[in-house]
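To start, the structure under review is shown below, and the notes come after it.
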Amino acid sequence: MQPPAYFSSFNMTILVICRMINLSLTRGAASTSAQGLVLLGYVIGPAFGRYEDGYHIARLASDLASERNGPVDKARVNHLTGLAAAWTEPLPVVLDWLRAAFRGGVQAGDLYYACFEAAVIVLHVFLSGQKLEDVDHECKRALDFARDTGFQAGMDLVIATERAVASLRGRTRGLSEYSDETFDAGAFEANLARSQNSVVMWWYWTRKTMVHFLAGEYEAALAAADKVQSHFSIRNMQIEQMDCFYYAGLSLAALIDEAPVAERGAMHAKLASRHAQLRAWAEETGSPTFADKHLLVAAEIARVDGQDLKAQRLYEESIRLAKENGFLHNEAVSNEMASRFYARQNFERISLMYLREARLCYLRWGAHAKVTQMEAAYPQLREEQPVALSTGTTFAPVEQLELATVIKVVQTVSGEIVLDKLVDALMRMAIEHAGAGRAVLVLSQVAGTHIEAEAEMTGHGVVVRLRENLNSTSAALPDAIVQHVLGTKETVILENALLTSPFSTDPYILDRHVRSLLALPLINQGKLIGLLYLENNLAANVFTPSQIAILKLIASHAAVALENTRLYRDLAEREARIRRLVDANIIGVFMWRFDGLIFEANDSFLDMLGFDRDDLAAGRVYWTDLSPPEGWENDARMVAEVKATGIAPPWEKEFFHKDGRRVPVLLGAATFGDPESDGGVTFILDLTARKQAEEAARASDRRYRDLQSELAHASRVATVGQLSAAISHELRQPLVGVVTSASAGLNWLSAGPPNIPAVRRALERAMSEGHRAAEVLDRTRALVTKMPPRNDLVDVNAIVSDTVALVREQLVLNEVSLELRLDKTLSRVLADRVQLQQVILNLMLNAIDAMAGVNSRPRELKIVSGRESPHVVYVAVQDTGPGVPSGLEEKLFDAFYSTKPDGMGMGLAISKTIIESHGGSLGTTRNEPQGAIFSFSLPIDAPEPPS
Ligand code: ADP
């Protein structure tokens, strides 16, 4: 009863199958039991979603059959086991079962059956994405077999697939046209309609749905799909039906945009239901066969719904999965759909890249008719330009670069400003795309080169260790190669490192048996910033040209990104340093125009010369007016110098105070960085006290000598110039960006035809760089205009913890361990949070600096808070450094006292001022057995700080 049931009613089929099983269970296994069992395995997937169990039961049936049944039964059992396997297993596994069934049919002399099986094989070979030429070959064999047997229905079944292959290969009258000299599609279809052979109908119209879709005939594709649908007499029992849902879904999505608004709702609902089935298959079976199809239709739905980001991700995923599972034709379709998506968004270049990839997949698949159609529609596809890499070398043609990888590289690299995360992502990409066993990132800085990160391929995937977690073995690298790359900026590629000289005798290579090796310089704007080293110890010739091309792309992007993140970090550090200095108001700062107008200044500067904010606001303070005539000549030289170089070395001069007296000052100036800028910033130090001291000192030789040495110290004020340089440096970056973007814009404009979207992008970039420059300016102004101190009830412990977070990186870099012993019961104190943070930060940085030279004992930083008395809290910062030499305990707190080559000697002076303004005190004592303690105390009820 089973075969007639199969062709008439799904429920009836199941009923018959269950009856067979029940009889076997109650009466014992008969020769037909294996048939019943395999049918159960075959239906419980589609009927109850139990696809895994289905394959399991089917295999049980085939075991049973090989024990008890003859070849006829065995063939049938194998056939159905193959169909059950198709839901959950990769198609090659399925094909093994089907071919076994074919052989069984031939062996048993059941030629009709074998014909049928041959057609089933042809279909599954096609679905698995094999080259069309191979499928064609398979088709011809099956057709010959069926013809010899004289089994018309068997031939028709093969023809359903064979014609699709012929039309895709360009052997028929058109891409979606099956007719040629030997075949009359009209007659075939009329015959088919008469015969009502449902299996042939499904296969034939499903393939037609596909070719119409590929030809861009979406209405025809949907009409074909409807024919499949109207002949479904059992529920979705074969995986081949997924193509009907897939191509009909894609056709609907393609039509929806142009459809009249009134129809869109219904179309959307149909699309959603097509997708729901694909998705259910994908999720219920877990099989790779459905995954990319489901995701592509999902991507199209996201596109229709305007969820662009989601669509982008889904296209990518779908492409990746199609590729991973060898579905070349689906990979082509996914790329084509992604290309259309980006074209709709006006991302022409991205769209073109996907289109190229699509063309390449179709080409590899063998769909020449489709390729010809694409080339006619997009003539630009024919020019296969090699891609120019930023190193200036042309390398692999674009087809060899994996598109998905290129995009991933660009996205990862441009989205990351946190150095560690960037490095981690880069290392993973490098390993993944090179098939390397180990990768090492070496960065070179002024201080020398160091290993920034190491990545290794392990049994558990890629493991990345960043600089703080590196151990001594990770430091190992073939020295000669590293030196060669650093010295020559050339890439070293060794296809078989053990054989090739001149590096083959490198102890490292011999030791580790390195086979393939690649060392790429990282170059940003011509400057070498490091190198990326990759090796594989298992095989030679691992790095193919296309991988090297990708790696070069990764390397060049990495160079830019690494430099940017480093600049970003330096900038933040520099800004903090300037802020500390300016906030303390120990140094005067003013901003000026070349005509002499001072348009912004901090309190310290105003106090120095007796001006107030109203004078500034009125725009009447000109530094040129404030300068006595005998200094004019020198001033002019300095201004010329600033104009020419952007910066002037510190020089001494005098200013008139508002009350007429002269104030001796030391100053350093810099412009805002661009050659056209009409102003700059000056840092200025009042030398009055020092000059008076100098006068007085002449009276006493000894004191004079002391002071001389102190004055020598003041030469450190050269740092004033550095500060100015820092600000101008900050501005130079965005301004260079503006110029570069603008000139890129000009280039795009003069391209023929002008590339307007690219011009727009360049202008937008210029604009955002401009805004960045403006922000730097605002920030510098904010630094100069001192904010009045804020008094809040603050939690000293919380400030300590916040500050620790700021120096975490330095602690790690300097291998300093940290211990916090904070008294949780501490009351809050009335204070300026920012200022307290500055003090704690200063003390911690000093402690870290002090321990830098310590190698013989652990470097330990300990921060203790507690109560000195019921109304006074204290914070002590303890280190294990060299300590403070006796006699110097007071001197350290003087401004400009520093023992560090690049120190400013301002930290402790500023800190002391801050603590005293809060009514507290700051001092230092010895730490036992080694080191220094810097501690401050603060009254819980702090007095009003002096204004
Ligand atoms: P700078 O750090 O720019 O030198 P500071 O005013 O912060 O300026 O420090 C002045 C000097 O005090 C330092 O150069 C150093 O000699 C000394 N000093 C500061 N902190 C410590 C410490 N924890 N241990 C030993 N010496 C210290």
Side-chain angles (χ1 to χ4, degrees), residues 573-587 650 668 683 685 709-710 712-723 725-726 800 803-804 806-807 810-811 813-820 835-864 874-917 921-936:
E573 274 171 18
R574 224 170 27 232
E575 198 178 291
R577 229 180 291 147
I578 296 174
R579 179 177 287 280
R580 274 188 279 159
L581 193 73
V582 175
D583 277 1
N585 253 324
I586 284 175
I587 263 192
F683 291 82
L685 192 73
S709 76
E710 205 179 312
H713 217 70
S715 67
R716 291 203 188 290
V717 181
T719 39
V720 170
Q722 282 175 16
L723 277 177
V800 170
T803 316
V804 164
L806 293 180
V807 297
Q810 266 102 323
L811 290 174
L813 271 179
N814 288 286
E815 296 170 358
V816 173
S817 67
L818 174 74
E819 185 186 341
L820 292 181
Q835 291 190 345
L836 275 196
Q837 188 163 6
Q838 276 177 37
V839 172
I840 295 169
L841 187 63
N842 269 328
L843 298 183
M844 288 175 65
L845 290 177
N846 274 344
I848 295 172
D849 279 352
M851 290 186 282
V854 170
N855 291 314
S856 51
R857 55 178 181 275
R859 301 173 185 168
E860 290 165 355
L861 177 64
K862 187 149 116 191
I863 304 178
V864 185
Y874 75 89
V875 174
V877 178
Q878 315 185 356
D879 61 54
T880 56
V884 175
S886 61
L888 280 182
E889 293 89 345
E890 290 300 315
K891 225 175 157 50
L892 296 181
F893 294 94
D894 288 350
F896 302 114
Y897 178 87
S898 174
T899 56
K900 303 170 193 167
D902 56 351
M904 280 198 267
M906 281 298 189
L908 289 177
I910 292 170
S911 300
K912 199 174 170 93
T913 320
I914 290 174
I915 293 297
E916 284 172 357
S917 76
S921 61
L922 168 66
T924 176
T925 52
R926 280 179 57 79
N927 192 12
E928 292 304 335
Q930 263 293 347
I933 302 179
F934 282 80
S935 62
F936 62 84

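Counting convention: from 1, in listed order, for ligands and their atoms alike. Everything numeric in this text was worked out from a predicted model, so none of it was measured. FYI, the numbering just counts along the sequence from 1.
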- Item | Sub-3.5 Å N/O-N/O distance, K900 and ligand 1 | yes
- Mind checking whether F893 contacts ligand 1 via backbone (N, CA, C, O), side chain (CB onward), both or neither, at a 4.0 Å heavy-atom cut-off? neither
- Taking heavy atoms and a distance under 4.0 Å, where does D849 meet ligand 1: side chain, backbone, both or neither? neither
- Listed partners of E928 passing salt bridge (charged side-chain N to carboxylate O under 4.0 Å, His left out), at least two apart: R926
- Message: Distance under 4.0 Å to a non-hydrogen atom of A850: what atoms of ligand 1 satisfy this?
- Response: 22 (C), 23 (N), 24 (N), 25 (C)
- Message: If the contact criterion is a heavy-atom separation under 4.0 Å, does D879 count as touching ligand 1?
- Response: yes
- dist F936:CZ -> I915:CD1 (nearest 0.5 Å) comes out at 4.5 Å
- Task: Please name all residues satisfying salt bridge (charged side-chain N to carboxylate O under 4.0 Å, His left out) with K862, sequence neighbours left out, ordered by chain then number.
- Result: none
- Query: If you measure every N/O of A932 against every N/O of ligand 1, is any gap under 3.5 Å?
  - Reply: no
- Closest heavy-atom pair, M851 versus R859, reported as atoms and distance to 0.1 Å, is O-NE, 3.4 Å
- Out of G881, S911, G883, indicate the one that has the non-hydrogen atom closest to atom 25 (C) of ligand 1. G883
- Hey, is CD on E815 packed in by over 12 heavy atoms from elsewhere, all under 6.0 Å? no
- Task: For residues M844 and L861, report the shortest heavy-atom separation together with the two atoms involved.
- Result: CE-CD2, 4.1 Å
- Message: Residue-level breakdown please: for S898 versus ligand 1, do any non-hydrogen atoms fall below 4.0 Å on the side chain, on the backbone, on both, or on neither?
- Response: both
